[in-house]
Chemist: 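Could you have a look at this structure, given as structure tokens, before my questions?
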Amino acid sequence: ARLVVLVSGSGTNLQALLDAIGDDPEHYGAQVVAVGADRDGTGGLERAERAGLPTFVCRLGAYASRPEWDAALTAAVAEHRPDLVVSAGFMKIVGKDFLAGFGGRIVNTHPALLPSFPGAHGVRDALAYGVKVTGCTVHFVDDGVDTGPIIAQGVVEVTEEDTAEGEAALHERIKEVERNLLVEAVGRLARDGYRIEGRKVHLGHVGE
Ligand code: GRF
């Protein structure tokens, strides 16, 4: 399967995918064909360039409106003919064109146990709420914010130190689980196929 990965930050989830694929995309069942970002100079773009991958940037500020940005992002991704689009720490909400173009084939990773704590501050919100466990969720993207059908989740205990040390330390611990969860989930979707029925994702050979 052809993957286009979208990033906004340091790109460690992207790196986990690249490391899992290594020099044997056949074995993993997928290969990253391009990496896109919503801003220049991110760690994710650097990691892509280091891997010799095509990259593109669609900055919201470069377009007169959000729909025009969405159309441009859709075109930039479509150029690489993805089977799956992986949003790995991509901090923008995709719009109508993008969902029309890739709906049902966009996988996102979120650093909280959805439906709890959706949005851009899931780690901070969970910590502030005083949860005893949090974690991460890999899900398909639909027209809501972090609301699409869930593919996989991983649990992370919240410790006393987390409460003291704060969000960054807890987020790093979540990311350790998240990177493996994403690599496993994307690999299975790519190798075994899947079917989405309402809110449920059925992994495995479609149509059997
Ligand atoms: C991930 O935890 C992702 O869930 C969140 O931001 C983080 C991105 O990390 N949206 P990286 O850019 O993959 O290192």
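Whatever order the structure lists ligands and atoms in, that order sets their numbers, starting from 1. Start at 1 with the first residue, then count along the sequence.
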Chemist: Side chain to side chain donor-acceptor pair (under 3.5 Å): which pairs involve residues 103-113, sequence neighbours left out?
Modeler: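 Every side chain to side chain donor-acceptor pair (under 3.5 Å) pair that includes a residue of residues 103-113, provided the two are not neighbours, is Ser87-Asn108, Asn108-His139, Asn108-Asp146, Thr109-Glu178, His110-Asp146.
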Chemist: Applying a strict 4.0 Å limit to heavy atoms, is Gly44 in contact with ligand 1?
Modeler: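 False for this residue.
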Chemist: Just which atoms of ligand 1 are under 4.0 Å from any heavy atom in Thr109?
Modeler: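 Numbered from 1, ligand 1 contributes 4 (O).
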Chemist: Strictly below 4.0 Å, N to O, side chains only: are Lys92 and Asp38 in salt-bridge contact?
Modeler: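 Here Lys92 pairs with Asp38 in a salt bridge, since their nearest N and O are under 4.0 Å apart.
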Chemist: Quick one: which ligand 1 atoms are inside 4.0 Å of a heavy atom on Glu178?
Modeler: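 Numbered from 1, ligand 1 contributes 1 (C), 2 (O), 3 (C), 4 (O).
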Chemist: With a cutoff of 4.0 Å, is Arg179 in contact with ligand 1, counting heavy atoms of the residue only?
Modeler: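 Distance cut 4.0 Å: Arg179 fails for ligand 1.
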Chemist: Give me the nearest non-hydrogen protein atom to atom 9 (O) of ligand 1 as residue plus atom name, then the distance to 0.1 Å.
Modeler: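 Ranking protein heavy atoms by distance from atom 9 (O) of ligand 1, first comes Lys175 NZ, 3.1 Å.
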Chemist: Hey, can you pull the donor-acceptor pairs under 3.5 Å for the side chains in residues 47-56, sequence neighbours left out?
Modeler:
unit_1	atom_1	unit_2	atom_2	d
Arg47	NE	Ser10	O	2.7
Arg47	NE	Gly11	O	3.4
Arg47	NH1	Gln15	OE1	3.4

Chemist: Write out the residue and atom name of the closest protein heavy atom to atom 7 (C) of ligand 1, then the distance separating them to 0.1 Å.
Modeler: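 Result: His171 NE2, 3.8 Å.
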Chemist: Taking 4.0 angstrom as the limit and counting only heavy atoms of Asn13, give me the atoms of ligand 1 inside it, by number and element.
Modeler: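 This gives 1 (C), 9 (O), 11 (P), 13 (O) as the contact atoms.
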Chemist: Are any non-hydrogen side-chain atoms of Gln153 and Val138 less than 4.5 angstrom apart?
Modeler: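 SC-SC contact between Gln153 and Val138 ruled out.
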Chemist: Among all protein heavy atoms, pick out the one at the shortest distance from atom 12 (O) of ligand 1; state its residue, atom name and that distance to 0.1 Å.
Modeler: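 Looking at atom 12 (O) of ligand 1, the protein heavy atom closest to it is Gly11 N, 2.8 Å.
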Chemist: Can Val7 be said to touch ligand 1, with heavy atoms closer than 4.0 Å?
Modeler: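 No.
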Chemist: Which of the atoms of ligand 1 are close to Met91, meaning less than 4.0 Å from one of its heavy atoms?
Modeler: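 Listed by number with element: 10 (N).
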Chemist: Find all atoms of ligand 1 within a distance of less than 4.0 Å from any non-hydrogen atom belonging to Gly9, and give their numbers and elements.
Modeler: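 With Gly9 as reference, the close atoms of ligand 1 come out as 12 (O).
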Chemist: Can you pull out the closest protein heavy atom to atom 8 (C) of ligand 1? Residue, atom name and distance to 0.1 Å, please.
Modeler: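 For atom 8 (C) of ligand 1, the nearest protein heavy atom is Gly89 CA, 3.7 Å.
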Chemist: Side-chain donor-acceptor pair under 3.5 Å between Glu160 and Thr163, yes or no?
Modeler: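 No donor-acceptor contact under 3.5 Å links the two side chains.
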Chemist: With heavy-atom distances below 4.5 Å as the criterion, would you say the side chains of Leu60 and Arg66 are in contact?
Modeler: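 Yes, close enough: below the 4.5 Å cut-off.
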Chemist: Between the main-chain N or O of Val183 and the side-chain N or O of Tyr28, is there a donor-acceptor pair closer than 3.5 Å?
Modeler: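 Looks like yes, one N/O pair under 3.5 Å.
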Chemist: Could you check whether Asp162 pairs with Arg173 (Lys NZ or Arg NE/NH1/NH2 to Asp/Glu carboxylate O, under 4.0 Å)?
Modeler: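 Salt bridge flag = yes for Arg173 with Asp162.
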